[in-house]
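Taking it in order: structure first as structure tokens, then the write-up.
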Amino acid sequence: MADERVNKIIEILKKEYPDVKIALNYSNPLELLIATILSAQCTDRQVNEVTKDLFKKYRTPSDYIRVPQEELEKNIYSTGFYKNKAKNIKRLCEILVENFSGEVPDNMEDLITLPGVARKTANVVLSNAFGKNEGIAVDTHVKRVSARLGMTDNTNPDKIEKDLMKLVPNKDWGVFTLLLIRHGREICTAKKPRCHDCILNKLCPSAFTFG
DNA sequence: AACTCGGGGCA
DNA sequence: TGCCCAGAGTT
């Protein structure tokens, strides 16, 4: 696939989902990390709503450590999995203070030692908070949407990641993932994709090919 | 590889 | 009312 077509797709999606950029406009890596953890299995709308208040009350790792876990649970309740998330965030902040001088580490090796943080969350933070494009987070949405758009012809996540790393300009890796996830949730769904409502349907080789 | 955490969105 | 979901950890 020509780079020009990929760039066009990215530009269209950026315009379609301007709040993806807003969502990335967290003032520091800790906020992005916590927002990413919270986003597991819930909508970005819920995360934005919750973090709006949360990030006023909690600014540093020490702030999260100071309060009882139950209070943190209340603050993030509506995002689901709230006990796990609260526990992980609290422990994660303790580790930041103990081992990383209170800073979010800027490399994969250290990031995935944190509770609740694995490759995918680490990649989102690396690319969007530190501008380090070590990889592209490939989840079910990225996998499905990129395949439908003809960006990869493979089903192996590692191969897909390599294909996409060749196609997508470095500076856009972090946003690219978030855009495809967003589009995959709202339009390019696994079942009954809404091709009629899809802003990419004229560019997409798979458009209107679903039962 | 299967199971668990979980409230919210949507048909 | 039932089904599904921006993940990660445990067994």
Side-chain angles (χ1 to χ4, degrees), chain A residues 10 13-14 16-26 29 31-55 69-96 104-105 108-129 135-148 155-158 160-161 164 172-194 196-197 210-211:
Chain A
I10 293 171
L13 288 178
K14 275 186 183 174
E16 184 72 2
Y17 306 113
D19 54 313
V20 163
K21 271 200 152 179
I22 293 171
L24 291 176
N25 194 22
Y26 295 110
E31 289 189 357
L32 176 60
L33 175 58
I34 289 174
T36 306
I37 290 173
L38 291 179
S39 74
Q41 303 296 96
C42 80
T43 65
D44 54 334
R45 185 181 146 277
Q46 284 296 332
V47 174
N48 288 333
E49 205 148 303
V50 163
T51 54
K52 195 176 149 196
D53 294 327
L54 189 72
F55 293 161
Q69 186 177 316
E70 291 74 25
E71 189 178 330
L72 187 52
E73 288 177 5
K74 279 184 199 169
N75 286 316
I76 66 172
Y77 180 77
S78 62
T79 68
F81 297 165
Y82 58 92
K83 283 179 191 287
N84 281 344
K85 288 174 181 173
K87 191 174 84 177
N88 284 337
I89 290 170
K90 212 162 144 58
R91 178 66 190 132
L92 173 155
C93 285
E94 289 172 0
I95 296 176
L96 291 186
V104 176
M108 176 67 73
E109 188 186 354
D110 288 335
L111 275 171
I112 60 177
T113 66
L114 302 172
V117 180
R119 246 183 89 76
K120 183 175 170 186
T121 300
N123 264 327
V124 171
V125 172
L126 282 174
S127 53
N128 291 306
I136 294 180
V138 177
D139 72 342
T140 59
H141 294 298
V142 173
K143 190 173 165 179
R144 180 182 66 256
V145 177
S146 62
R148 285 177 178 169
T155 56
N156 181 324
D158 292 333
I160 294 173
E161 184 175 0
L164 293 180
D172 280 327
W173 283 3
V175 172
F176 174 80
T177 296
L178 297 179
L179 287 172
L180 256 63
I181 290 172
R182 177 69 173 278
H183 194 62
R185 279 191 61 121
E186 299 192 356
I187 302 291
C188 196
T189 50
K191 285 186 272 182
K192 292 197 272 183
R194 300 164 52 196
H196 285 284
D197 300 324
F210 304 91

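Proteins get letters first, then strands, A, B, ... in listed order; numbering begins at 1 in each. What you see is a predicted model; the values in this text were computed from it and never measured.
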What is the separation between atom [atom1] on [X] and atom [atom2] on [N], rounded to the nearest whole Å?
X	N	atom1	atom2	result
A:Tyr82	C:dA8	OH	C1'	18 Å
A:Lys192	C:dC3	NZ	C1'	12 Å
A:Gln41	C:dC3	CD	C1'	13 Å
A:Leu38	C:dA8	CG	P	13 Å
A:Lys87	C:dG7	NZ	C1'	15 Å
A:Lys143	C:dC5	NZ	C1'	17 Å
A:Asp139	C:dG7	CG	P	6 Å
A:Asn84	C:dT10	CG	C1'	11 Å

So [X], base contact, sugar-phosphate only, or nothing? Heavy-atom distance under 4.0 Å.
X	answer
A:Arg45	sugar-phosphate
A:Thr79	base
A:Lys85	nothing
A:Arg185	sugar-phosphate

Contact nearer the 5' end of DNA chain C, comparing A:Asn88 with A:Val47: A:Val47
Should [X] and [Y] count as side-chain neighbours, where that means a heavy-atom distance under 4.5 Å?
X	Y	answer
A:Ile37	A:Leu92	yes
A:Val20	A:Lys14	no
A:Cys188	A:Arg148	yes

Spacing of [atom1] belonging to [X] relative to [atom2] belonging to [Y], to within rounding of 0.5 Å:
X	Y	atom1	atom2	answer
A:Leu72	A:Lys85	CG	NZ	11.5 Å
A:Leu180	A:Leu164	CG	CG	8.0 Å
A:Glu186	A:Asp197	CD	CG	11.0 Å
A:Arg185	A:Thr140	CZ	OG1	10.0 Å

side-chain contact (heavy atoms from CB on, under 4.5 Å) between A:Met108 and A:Asn123, worked out: CA-CA 8 Å; A:Met108 176 67 73; A:Asn123 264 327; 3.6 Å; yes
Residue-level proximity of residues 108-117 of chain A to DNA chain C when a heavy atom falls under 4.0 Å: A:Leu114, A:Pro115, A:Gly116, A:Val117
Euclidean distance for P, B:dA2 against C:dC4 (whole angstrom): 16 Å
5'-most by nearest nucleotide on DNA chain B - A:Gln46 or A:Lys83: A:Lys83
For chain A, the stretch of DNA chain B it reaches, first to last nucleotide, under 4.0 Å of its heavy atoms: B:dC5 to B:dG9
Ion pair check, A:Lys74 and A:Glu71, cut-off under 4.0 Å: no
Any donor-acceptor pair under 3.5 Å from A:Lys143 side chain to A:Val138 backbone: no
